[in-house]
Peer 1: 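Mind having a look at this structure? Questions to follow.
Here is how names work: the chains are called A, B, and so on, in the same order as the sequence lines, proteins then strands, and each is numbered from 1.
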Amino acid sequence: MNWQQLDSLSYQNRLRFLPPEHKLLFASALILLVLTGHEWLQMAICIWMGVWVIGYARIPVRFYFGFLLLSLSFFVLGLPALLLEATRAETAPVTQMAVAWHVGPYLIYVPASAISKVWVLFWRTMASLACFSFILFTVPFAEILQVLRKLRLPVIVTDLLMIMYRFIFVLLGVSHQLWIAQRSRGGHRGFRATMRDIGGLAAQLFVRAMRKYDALYKGMAARGFGESLQVLSLHSHSRSRRYEWESIAGCVLLILLEWWTGG
Amino acid sequence: MTSWLLEFADVHYAYPGGRGPVLRGLSLGIPEGKKCALLGRNGCGKSTLFLHGNGIIQPQQGQVSWKGTPLSYKRAALQEMTQKVGLVFQDPEHQLIASTVAEDVSYGLCNRNLPADVIRQKVQAILQAFGMTELADVPIHHLSLGQKRRLALAGVMVLEPELLLLDEPTAYLDRYQTRNLLRELDAIHQNGTTVLMATHDMDIAFEWAEWICVMDAGKLVFAGEPQEALAQRELLESLHLGMPLIADVWEALPQEWRQEAGERVPCSLEELKKRLLTGQVAVR
């Protein structure tokens, strides 16, 4: 999975026609529930979001799980810091230990309380990621920007986001071209050469980015650049009763579940 | 004398940090209402000249005038110039700014502070005219080079400029797309826009243009009708621009054929075919 694929999916998914405001509102409401609720609620949200992303939006399963796994890897990297504790063996505290190892004079252990904490954190992370993936996969970035503009976010922020988004692909394109050029001219042979070529690529990328910036500035001036970047979209969205009904009913059910399991 | 729409008088310009002046006393007039081609080899200053055309670059010496009045380099006046003179860059990547096709077309209109409804209408109309309605919500980085070129042109044409400057618009385009582009430029010209195209493709220039300018090393060396340009064979060859293929073929035909078919050198394949046909009939 790379940026470009993610981007095209967000433009081609089956939920594209829904108003972006609705999708963002829906996902934000769920994230709020995730942050305030308990594990049962979070598990339910995970599954429900999966149904939306895979079932309704028709995002390929491997992309959805690929995204979750990739993002979870950051959580996994943080695990040792959350789980492991170490003290000198003779001053070991009287807490319940799930596992413990003696290493020389030290005792390294995993407290039972940490495990339940990680369990809570895991489901919270999973559910938030699921909601976040729903936004990423179903709302194109250009539409997120439009919603942000409607929300009266300062113009400078939306302008910067728009230019950054445009430049991500310009730079990806340039670096890909450079990489192909290096490969086809016999570069990237062996570790040292690869390192040198990557260094050259990064330097060239910088030089070319500056040149692109200069050219783009002239391009914008030629098109009558004023104080801010303003654009309008033609895309019209249509509301769907079926999806609105399901999202509202689902949220109510989730709140009831939370209340019932003792929120 | 023809009335010049845009006139450059003795323009000098050197890029800061560059290796010497790019424009060295260039004087050139663009006749109103004509299809013009600016010929010149790579690096002779065509692109720099274009950036002078709508005031993005201010000449270090000399003067640029629009319909007889010198350009003002004040912010508001420049904003107005960018609307009258549309500039299409060689690399469309340099002028596409927004994230989707429709948004990008709307950019120039938004800069003019038009009401949203008018903007939507205009965007829709131009996308229809350029056959890009289906692409309206496609992100720009999903487009092919040909589509990006068309989009850049649409984004400029939506402002209805009086003069359209195109920098090497046919570079890297295949035959089919080149034909399409020339047809679009003809339509634009028919609607009353003066068009100036920079190119080094002699065949396209002579087939399409009604006015030919030739630049070399930052100076204008020739300006006139295509027939006059074709008479300057030595000049064109000394600049390594060469002659259009059709003119060379014409030259290679037997003397009597040419006399039968008329003295004028044909500019396009169609014209050559027609002339030969009438010539043959006359010989028989």
Peer 1: Which of the residues B:Ala98, B:Gly155, B:Ala152, B:Pro139 is involved in the greatest number of heavy-atom pairs with chain A at under 4.5 angstrom?
Peer 2: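 Among B:Ala98, B:Gly155, B:Ala152, B:Pro139, the one with the most close pairs to chain A is B:Pro139.
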Peer 1: Using non-hydrogen atoms and a 4.5 Å limit, figure out which bit of B:Asp104 sits close to chain A: side chain, backbone, both or neither.
Peer 2: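 Both the backbone and the side chain of B:Asp104 come within 4.5 Å of chain A.
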Peer 1: Is atom CZ of A:Arg242 surrounded by more than 12 heavy atoms (other residues, nucleotides or ligands) closer than 6.0 Å?
Peer 2: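 Enclosed.
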Peer 1: What option among A:Ala221, A:Ala222, A:Pro140, A:Ala215 has the most heavy-atom pairs under 4.5 Å with chain B?
Peer 2: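 Result: the option with the highest number of such pairs is A:Ala222.
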Peer 1: Please work out whether the ring planes of A:Phe67 and A:Phe137 are parallel, tilted or perpendicular, with thresholds of 30° and 60°.
Peer 2: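 It falls in the perpendicular class, over 60°.
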Peer 1: So if I take each residue of residues 125-138 of chain B and look for any heavy atom under 4.5 Å from a heavy atom in chain A, which residues do I end up with?
Peer 2: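 Listed by number: B:Leu127, B:Ala136, B:Asp137.
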Peer 1: Heavy-atom cut-off 4.5 Å, strictly under: side chain, backbone, both or neither for B:Glu103 against chain A?
Peer 2: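 Answer is both: backbone and side chain atoms of B:Glu103 are under 4.5 Å from chain A.
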Peer 1: Do you know which of B:Leu87, B:Asn54, B:Ile97 has the most heavy-atom pairs under 4.5 Å to chain A?
Peer 2: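 Sorted descending by pairs with chain A, the first entry is B:Ile97.
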Peer 1: Ring centroids only, cut at 6.0 angstrom: are B:His52 and B:Phe8 within range, meaning strictly under it?
Peer 2: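 Not close enough - the centres of the two rings lie 6.0 Å or further apart.
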Peer 1: For the pair A:Tyr11 and B:His142, name the ring-plane relationship: parallel under 30°, tilted 30 to 60°, perpendicular over 60°.
Peer 2: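 Geometry flag for B:His142 against A:Tyr11: perpendicular rings.
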Peer 1: Report yes if the distance between the aromatic ring centroids of A:Trp48 and A:Phe26 is under 6.0 Å, otherwise no.
Peer 2: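 Yes, the ring centres sit under 6.0 Å apart.
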Peer 1: Check whether B:Arg75 gets within reach of chain A through its side chain, its backbone, both or neither, counting any heavy atom under 4.5 Å.
Peer 2: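 The answer is the side chain of B:Arg75.
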Peer 1: Do A:Phe65 and A:Phe63 have ring centres separated by under 6.0 Å?
Peer 2: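 For A:Phe65 and A:Phe63, the ring centres are not under 6.0 Å apart.
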Peer 1: Anything under 30° is parallel, anything over 60° is perpendicular, the rest tilted; go ahead and classify A:Phe169 against A:Tyr165.
Peer 2: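 Correct class here is perpendicular.
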Peer 1: Kindly check if the number of other-residue, nucleotide or ligand heavy atoms within 6.0 Å of CD (B:Glu80) is above 12?
Peer 2: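 12 or below, so no.
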Peer 1: For B:Ile56, which atoms come within 4.5 Å of any heavy atom of chain A: side chain, backbone, both, or neither?
Peer 2: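 Contact with chain A: side chain only.
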Peer 1: Using a strict cut-off of less than 4.0 Å between a Lys/Arg side-chain nitrogen and an Asp/Glu carboxylate oxygen, indicate whether B:Asp91 and B:Lys148 qualify as a salt bridge.
Peer 2: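 Judged by the 4.0 Å cut-off on N to carboxylate O distance, B:Asp91 and B:Lys148 do not form a salt bridge.
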Peer 1: With side-chain contact (heavy atoms from CB on, under 4.5 Å) as the criterion, how do B:Val195 and B:Trp208 come out once you've worked through the C-alpha distance, each side chain's angles and the decisive distance to 0.1 Å?
Peer 2: CA-CA 11 Å; B:Val195 187; B:Trp208 175 82; 3.7 Å; yes
Peer 1: Whether the side chain of B:Ser27 engages the backbone of B:Ala9 through a donor-acceptor N/O pair (distance < 3.5 Å, no angle test) should be reported.
Peer 2: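 Checking the backbone N and O of B:Ala9 against the side chain of B:Ser27, no donor-acceptor pair under 3.5 Å is found.
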Peer 1: Using non-hydrogen atoms only, which part of B:Phe89 is less than 4.5 Å away from chain A: side chain, backbone, both, or neither?
Peer 2: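 Just its side chain gets close to chain A.
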Peer 1: Please look at B:Leu51 and chain A and tell me whether the side chain, the backbone, both or neither of the residue comes under 4.5 angstrom of a heavy atom of that chain.
Peer 2: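 The side chain, not the backbone.
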Peer 1: Under 4.5 Å from any heavy atom of chain B, what part of A:Glu143 do you find: side chain, backbone, both or neither?
Peer 2: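 No part of it gets close to chain B.
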Peer 1: Select one option (side chain, backbone, both, neither) describing which atoms of A:Arg223 are under 4.5 Å from chain B's heavy atoms.
Peer 2: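 Contact with chain B involves both backbone and side-chain atoms of A:Arg223.
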